[in-house]
> 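Mind looking over this structure? Questions follow.
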Amino acid sequence: QVRMVESGGGLVQAGGSLRLSCSASGGTISRYSVGWFRQVPGKEREFVATNSWSGGTIYYADSVKGRFAISRDNAKNTVFLQMNSLKPEDTAVYYCAANVAGWTTRKDYEYDYWGQGTQVTVSS
């Protein structure tokens, strides 16, 4: 069973930066497309970014384009989400997820394996 594990969340002031990491326990991340999503209590889960197994295809939500960057180090079995110029509205639980078919998709229901999430809080 593949288990995704996120780390790197925390509390940061507006304008600051954080880097989230996502690893795949029991799986090989180089075979998967990996996406990042976020969720605020009481709201639907929101797409943030995704990249293909090679890293060659990348999509971002409009709300994070130009501020966030997704990347991967397949040798380390890890995908990263670099978040810069953070805003209070970026506050959420951030999840990474893997699509084992290799689809680079914005749709959360097309992802097969999910992590438990990491909290990101941006103070104003």
> Taking the side chain as everything from C-beta on, heavy atoms only, tell me whether Gln82 gets closer than 4.5 Å to Phe68.
no
> Yes or no on side-chain contact (heavy atoms from CB on, under 4.5 Å) for Glu89 and Val122, after CA distance, side-chain angles and deciding distance?
CA-CA 8 Å; Glu89 52 263 44; Val122 184; over 6 Å; no
> Distance under 6.0 Å and angle within 45° of the ring axis: does Arg106 meet both against Tyr59?
yes
> How about Arg72 and Val34: do any of their side-chain heavy atoms sit closer than 4.5 Å?
yes
> Less than 4.5 Å apart, side chain to side chain, heavy atoms only: is that true for Gln1 and Tyr113?
yes
> How long is the gap from CG on Asp108 to CD on Gln39, to the nearest 0.5 Å?
9.0 Å
> What closest approach, in Å, do Ser33 and Ser52 show between heavy atoms, and which atom pair accounts for it?
OG-CA, 3.7 Å
> Leu86, Tyr95: one ILVMFWY side-chain cluster at the under-4.5 Å cut-off?
no
> Does atom CH2 of Trp114 have more than 12 heavy-atom neighbours, drawn from other residues, nucleotides or ligands, at distances under 6.0 Å?
yes
> For the CG atom of Asn84 and the CZ atom of Arg67, what is their distance to the nearest 0.5 Å?
9.0 Å
> Are a donor atom and an acceptor atom from the side chains of Thr78 and Asp73 found within less than 3.5 Å of each other?
no
> Go through it in stages, so that I can follow the logic: the residues are Asn99 and Asp112, the test is side-chain contact (heavy atoms from CB on, under 4.5 Å), and I'd like the CA-CA distance, side-chain angles, deciding distance and then a yes or no.
CA-CA 5 Å; Asn99 177 292; Asp112 304 287; 4.2 Å; yes
> Taking the side chain as every heavy atom from C-beta outward, state whether Leu18 and Val120 have any pair of such atoms under 4.5 Å apart.
yes
> Minimum heavy-atom separation for Ser124 to Pro88, with atom names?
CB-CG, 3.8 Å
> Report yes or no: is the cationic atom of Arg38 (NZ for Lys, CZ for Arg) closer than 6.0 Å to the six-membered ring centre of Tyr94, at no more than 45° off its axis?
no
> Measure across Gly117 and Val93 and return the closest heavy-atom pair with its distance rounded to 0.1 Å.
CA-CG1, 3.8 Å
> Sorted by first residue and then second, give each disulfide (SG to SG under 2.5 Å) pair with at least one member in residues 15-48; sequence neighbours left out.
Cys22-Cys96
> How about Gln119 and Thr91: do any of their side-chain heavy atoms sit closer than 4.5 Å?
yes
> Might you point out which heavy atoms bring Phe47 and Thr105 nearest each other, and give the distance in Å?
CE1-O, 4.2 Å
> Do the side-chain N and O atoms of Thr50 and Tyr111 include a donor-acceptor pair separated by under 3.5 angstrom?
yes
> Give me the one residue out of Asp90, Ile70, Leu81 that meets side chain to side chain contact (heavy atoms under 4.5 Å, CB included) with Val48.
Leu81
> Is there a continuous path of hydrophobic side-chain contacts, each under 4.5 Å between heavy atoms, that joins Phe37 to Leu20?
no
> Do Thr104 and Trp53 have side-chain heavy atoms sitting under 4.5 Å apart?
no
> Of all heavy-atom pairs between Val2 and Gly27, which one has the smallest distance, and what is that distance?
CG2-CA, 4.0 Å
> Measure from the side-chain N and O atoms of Asn77 to the backbone N and O of Ala24, and report whether any donor-acceptor pair falls under 3.5 Å.
yes
> How close do Gly115 and Glu6 get, counting heavy atoms only, and between which atoms?
CA-OE2, 3.2 Å
> Which distance, rounded to the nearest 0.5 Å, do you find between the CG of Asn51 and the CH2 of Trp36?
10.5 Å
> Report yes or no: do Trp103 and Val100 belong to one cluster of Ile/Leu/Val/Met/Phe/Trp/Tyr joined by side chain heavy-atom distances under 4.5 Å?
no
